[in-house]
Structure formats: C-alpha cells, structure tokens
Amino acid sequence: MSAANEPSTWLLIDDFERGNSVDNWTKADTKNETKPLINEPQVTLRKIETTSKGTNAYLLKKPAPEGVVGNRKALTFKALPQIVEVGEIVTFYTRINVESFPNNHAFGLSNMGPDDIKKHDYNAFEATLRVTDKSESSGLKNTGALMVKVPGGYANVKHNLAENERDAKPLEPGQWYKIWYVVNNAPKKQGGQTYDVYLQGGSEFPEQTLVYQGATFRMQREWPLTYFLMNCNTGPLDKPYGNGGLKYDDIYMTKGIELTNPS
C-alpha cells in the first residue's frame with residue numbers, strides 16, 4: 001500500500017461523473033437475436049443517485065430493456081489509459097452494484113482491439129469477473145455470488161479464503177461492492193496470466209477481504225492488456241434467463257499491488 005502522504009498513483013478509467021462519459025465507450029450488440037428485431041437493444045446509460053454524501057453518477061448496463069430477450073452479446077469497452085505490458089503486475093479497482101437478478105454479466109480486461117473484441121466476445125476476455133444467477137447447460141444453478149475464471153469454467157469467490165471457508169453468499173442487490181483485482185500479466189511459465197481478488201461491501205464483507213487467489217486468464221495469450229470490457233446476455237429466445245442490470249462506478253488502475261481506495 002502507498003503511504004498516506006504519497007500522491008495517488010491510480011489512473012482513472014472512468015467514474016462517469018462527466019455528462020458525456022458513455023460517449024467514450026464503444027457499444028456493440030454482436031449477436032442480436034431479438035424478435036421483432038430491435039436495433040442496438042443494450043441498455044448502457046449514465047445515471048445519477050442521491051446518497052448521504054450528495055449525488056453520484058454511475059453506469060447502468062443491461063443487455064436489453066425489461067421484457068426484451070434475445071440479445072446474446074451486449075459488449076461495451078474502452079481503451080485503458082495505460083497498456084499493461086507482458087510481465088507487469090497491475091491492480092484494477094471497480095465498484096459494482098447489482099440492480100436486480102436474474103442476470104448474466106461479465107467484466108474485466110482484454111488484450112484485443114475493437115474489431116477482435118466484437119468478433120470474439122467472451123474469448124476477448126483475459127482476467128474476468130462474473131455476476132450471474134443463471135442455470136448452466138449442465139444443470140448447475142449459479143448463485144449470484146461474485147465469480148472468477150478458472151480452468152474449465154468459473155468459481156465463486158470465498159467467504160474466507162485464508163481458512164478455506166465456504167463460497168461467498170450472493171451479492172446483495174442495491175449494495176455497492178468494492179473490488180480490487182491484482183492482475184499478473186507475466187508469461188504463464190513465470191507464474192503469470194493470473195489474478196487475485198479482494199472484495200469489500202454488503203453485510204458479508206464489511207472489511208477488505210482476499211476472496212480468491214490464482215484465478216486464471218481466460219485465453220492466456222500473453223499479450224499486452226489494452227481494454228476494459230463489459231459483456232452481458234439475456235440468454236437465448238427459447239430459454240431466456242433475465243436481463244437484470246449491473247451498475248458500474250469508479251474504474252481505476254495502477255501499477256503494482258495497491259490495495260488502497262482510489263482518490
């Protein structure tokens with residue numbers, strides 16, 4: 001952690017306080033199966049809430065408006081203010097708030113450019129965080145807990161990783177959570193292509209807690225990380241699983257391991 005009297009090293013990706021913030025993000029609905037067809041069905045809006053400390057702007061993301069299904073890949077992405085080179089360790093910080101379940105959201109980092117992000121969607125991700133309560137094709141029902149990428153699928157973060165306790169509880173709708181994810185972009189043979197996750201928020205995590213260690217990059221391409229990427233999905237027309245929203249705020253990055261609050 002930085003000493004209290006040192007200047008902040010956090011670089012802002014977006015805090016959505018500027019009225020035109022969303023204009024700086026690229027939006028693409030690359031598997032739009034809505035019927036009747038709705039052009040650009042994703043909901044990606046800057047909104048403002050009133051808190052005890054005043055007003056706060058944030059981004060609300062949903063694959064489609066209420067009652068609309070069939071938008072399978074609602075992508076939203078923005079270039080990082082600083083490229084994460086191969087070999088670097090960088091901490092990312094993001095606040096999220098579940099507007100409602102059921103939903104299926106993923107967010108994190110990509111080492112692809114815009115055209116390839118649109119082409120590869122989920123496989124454009126490397127370090128990935130997921131929020132969903134959808135049922136998988138295997139019959140597994142996700143709980144709504146924060147998830148990370150692991151070989152062969154996803155895993156829930158832990159309530160107490162140090163003592164290998166149970167999986168974390170579902171995220172509480174309407175509650176803001178702070179997430180620090182320490183991303184190691186070294187080559188795999190050097191122990192990289194992994195990330196550790198710290199979580200604070202809701203009734204379960206009143207203090208910053210290490211909730212997962214050694215989550216794996218999705219593709220492990222060993223390329224520089226260049227974009228912050230969000231994706232969400234209503235599910236197929238014949239078996240939709242909901243389009244509840246996820247709120248994003250205060251997205252930052254900084255070199256090294258940094259577990260302070262951005263300022």
Side-chain angles (χ1 to χ4, degrees), residues 11-49 56-84 92-132 134 179 218-219 225-237 240-253:
L11 296 176
L12 178 66
I13 299 171
D14 212 328
D15 61 6
F16 307 103
E17 291 300 327
R18 294 179 60 183
N20 64 346
S21 295
V22 178
D23 296 341
N24 297 317
W25 293 78
T26 299
K27 296 184 289 183
D29 299 303
T30 58
K31 195 175 180 183
N32 182 0
E33 300 173 349
T34 55
K35 291 183 180 180
L37 181 68
I38 298 173
N39 291 320
E40 301 178 355
Q42 73 169 272
V43 176
T44 303
L45 297 173
R46 176 182 179 267
K47 303 195 77 172
I48 297 176
E49 64 181 356
N56 175 61
Y58 63 89
L59 182 76
L60 172 66
K61 183 166 170 61
K62 302 169 61 169
E66 292 301 323
V68 175
V69 299
N71 194 23
R72 305 299 310 281
K73 302 290 184 291
L75 306 172
T76 307
F77 51 93
K78 182 181 182 181
L80 299 176
Q82 188 173 81
I83 291 172
V84 180
F92 287 81
Y93 174 92
T94 307
R95 291 201 309 138
I96 64 167
N97 182 326
V98 175
E99 183 197 45
S100 64
F101 289 111
N103 67 36
N104 183 24
H105 291 264
F107 63 95
L109 307 172
S110 178
N111 46 22
M112 290 187 153
D115 289 344
D116 282 333
I117 288 174
K118 294 174 185 178
K119 178 180 178 180
H120 294 280
D121 52 74
Y122 283 107
N123 287 341
F125 277 114
E126 291 293 2
T128 314
L129 294 156
R130 188 189 193 198
V131 179
T132 187
K134 72 180 284 286
I179 309 171
R218 185 180 182 97
M219 306 305 293
L225 299 169
T226 52
Y227 276 81
F228 189 93
L229 171 61
M230 310 167 183
N231 190 11
C232 55
N233 185 346
T234 65
L237 284 169
Y241 40 70
N243 56 3
L246 188 65
K247 303 174 185 178
Y248 293 88
D249 200 3
D250 299 330
I251 308 172
Y252 287 83
M253 63 180 290

Discussion item. My understanding is that only residues two or more places apart in sequence, or in another chain, count here; which of them pass salt bridge (charged side-chain N to carboxylate O under 4.0 Å, His left out) with R72?
Written reply: none
Discussion item. I'd like to know whether CG of D115 has more than 12 heavy-atom contacts from other residues, nucleotides or ligands below 6.0 angstrom.
Written reply: no
Discussion item. Check this for me: E40, atom CD, are more than 12 non-hydrogen atoms of other residues, nucleotides or ligands nearer than 6.0 Å?
Written reply: no
Nearest 0.5 angstrom please: [X] [atom1] to [Y] [atom2], how far?
{"X": "F228", "Y": "Y248", "atom1": "CZ", "atom2": "OH", "value": "6.5 Å"}
{"X": "I96", "Y": "M230", "atom1": "CD1", "atom2": "CE", "value": "11.0 Å"}
{"X": "L109", "Y": "L129", "atom1": "CG", "atom2": "CG", "value": "8.5 Å"}
{"X": "I251", "Y": "R95", "atom1": "CD1", "atom2": "CZ", "value": "10.5 Å"}

Worksheet item: Should K31 and D121 count as an ion pair when the cut-off is N to O under 4.0 Å?
Response: no
Worksheet entry | Whether Y93 and Y252 hold their rings parallel, tilted or perpendicular, with breakpoints at 30° and 60° | perpendicular
Worksheet item: Are the side chains of N32 and P41 in touch, meaning some heavy atoms are under 4.5 Å apart?
Response: yes
Discussion item. When you compare the side chain of T44 with that of V22, does any pair of heavy atoms fall below 4.5 Å?
Written reply: yes
Discussion item. Using modelled atom types and a 3.5 Å cut-off, is there a donor and acceptor pairing between side-chain atoms of E126 and backbone atoms of M219?
Written reply: yes
Discussion item. Checking N97 against Y58: is there a side-chain donor and acceptor pair closer than 3.5 Å?
Written reply: no
Discussion item. Is a donor from one side chain sitting under 3.5 angstrom from an acceptor on the other, for N24 and D14?
Written reply: no
